[in-house]
Amino acid sequence: MTVLEKHKDFFRDFRGDTIHPSTLEVMYELGLLEDLLRQPHDELRGIEAHFGDRVLHLADLTHLPTQCKFIAFMPQWDFLNFLSRHAQKFPQFRLRMETEVTDLLLENGRVAGVKAHTPEGTLEVRADLVVAADGRSSTVRERAGLELIDLGAPIDVLWFRVTKKADDPPQAFGFVGAGQFMVLIDRSDYWQCAYVIRKGSFEEKQRRGLQAFHAEIRNCAAFLADRTGEITQWDDVKLLTVKVNHLRTWYREGLLCIGDAAHAMSPVGGVGINFAIQDAVAAANLLAPKFLNGGVHLADLKAVQDRREWPAKSMQRVQVFLHKHLLERVFDSPETIPPPLLLRITEKFPFLRRIPARMVGTGFRPEHVKG
């Protein structure tokens, strides 16, 4: 197995940090969980949201049927480095950094490998199966000519960081202000901030200036008021363009798309990497025996899509619902909106918090490693 990574390292600020219980369960089944949890991380056993001064408890993860009844927060680059270190123990595994896939190798209409750009020049890698895991802007998917269905996303996300202080409130699902929504990710000595905006509105915010942006942050999360000045230029703020889409068909001869290449997720819920890992586990379970018994055919690739398409589409429907019925309401209101009815119900009846916990923590069809 050869893995090609475009960049020279895994460090990206806009990568999420959430490792959900379903992924931790996979780590347990692989015998890696104990080592993983020795890495620096935080643990979240319940999900809260701040609506102005009101705090609501949305989900209780402590009842999940998993080894870990929490979401682990670990910078994704640390998680990917952890996985690559363990993968290197297998003699068949090879990771090539700074190797950007640019095109497909085709033989009689079948994908037979990829072409890639490296610091040393052009590289061709031949393979019995190419697995496209190159994200929401997948080059492999585009070169394969697979049909993409766009569900639309009314939001984008601005990423920036501010200092974290000892007396700051604990990490929460989100902070809702007047026309504003923001998620704070605890990275020990600083907050990685995901400030959700209406799609296409970043240029307008830039025209209004940094001082107005600082004021927006203060209105959304008042405890950050003394730190907004740490954002000294717009270069400190990165734009993540949100997409929610899925392929009609995830495969063709010699090629399978998984993760965001097959179904780009909204950042709502932080489920992206976890769904990608579930796809990978399902693909391994279904395809490894086929490789051992002569090779993989179209029907085998279809079986992977049949297994994973419903969970992915179901989560996308939930995300689109939240975009429409929560985030668009937030954007349209000049005041902090009251919590939606469903959230108020979970606050009143704590046992109902197990439902969103199951949805976020394990997804709609959790996968398990088969020996």
Taking the six-membered ring of Y190 (Phe, Tyr or Trp), confirm whether the NZ or CZ of R161 is under 6.0 Å from its centre and within 45° of its axis. yes
side-chain contact (heavy atoms from CB on, under 4.5 Å) with N285: which residues, sequence neighbours excluded? V281, K370
Pairs where residues 283-297 contributes a residue and the test salt bridge (charged side-chain N to carboxylate O under 4.0 Å, His left out) is met, not counting sequence neighbours: K290-D300
Can you name the residues that form a side chain to side chain donor-acceptor pair (under 3.5 Å) with E203, not counting sequence neighbours? none
Ring geometry between W234 and F202 (parallel below 30°, tilted from 30 to 60°, perpendicular above 60°): perpendicular
What pairs with D78 under salt bridge (Lys or Arg N to Asp or Glu O under 4.0 Å), at least two apart in sequence or on another chain? none
The side chain to side chain donor-acceptor pair (under 3.5 Å) partners of T232 (sequence neighbours excluded) come to D236
Among all residues two or more places apart in sequence or in another chain, which pass the side-chain contact (heavy atoms from CB on, under 4.5 Å) test with K69? T66
Hey, what else clusters with L292 if you join Ile, Leu, Val, Met, Phe, Trp, Tyr whenever side-chain heavy atoms sit under 4.5 Å? none
Considering only residues two or more places apart or on different chains, which pairs with a residue in residues 263-278 satisfy salt bridge (charged side-chain N to carboxylate O under 4.0 Å, His left out)? none
Heavy-atom pair with the smallest gap, counting every atom of Q76 and I273: CD-CD1, 3.6 Å
The side-chain contact (heavy atoms from CB on, under 4.5 Å) partners of E43 (sequence neighbours excluded) come to H41, R45, F70
Between the main-chain N or O of S138 and the side-chain N or O of E142, is there a donor-acceptor pair closer than 3.5 Å? no
Once side-chain contact (heavy atoms from CB on, under 4.5 Å) is applied, do any residues pair with L342, and if so which ones, sequence neighbours excluded? none
So, using side chain to side chain donor-acceptor pair (under 3.5 Å) as the criterion, who are the partners of N219 when residues are at least two apart? none
Could you tell me which residues satisfy salt bridge (Lys or Arg N to Asp or Glu O under 4.0 Å) with E309, sequence neighbours excluded, listed by chain and number? K313
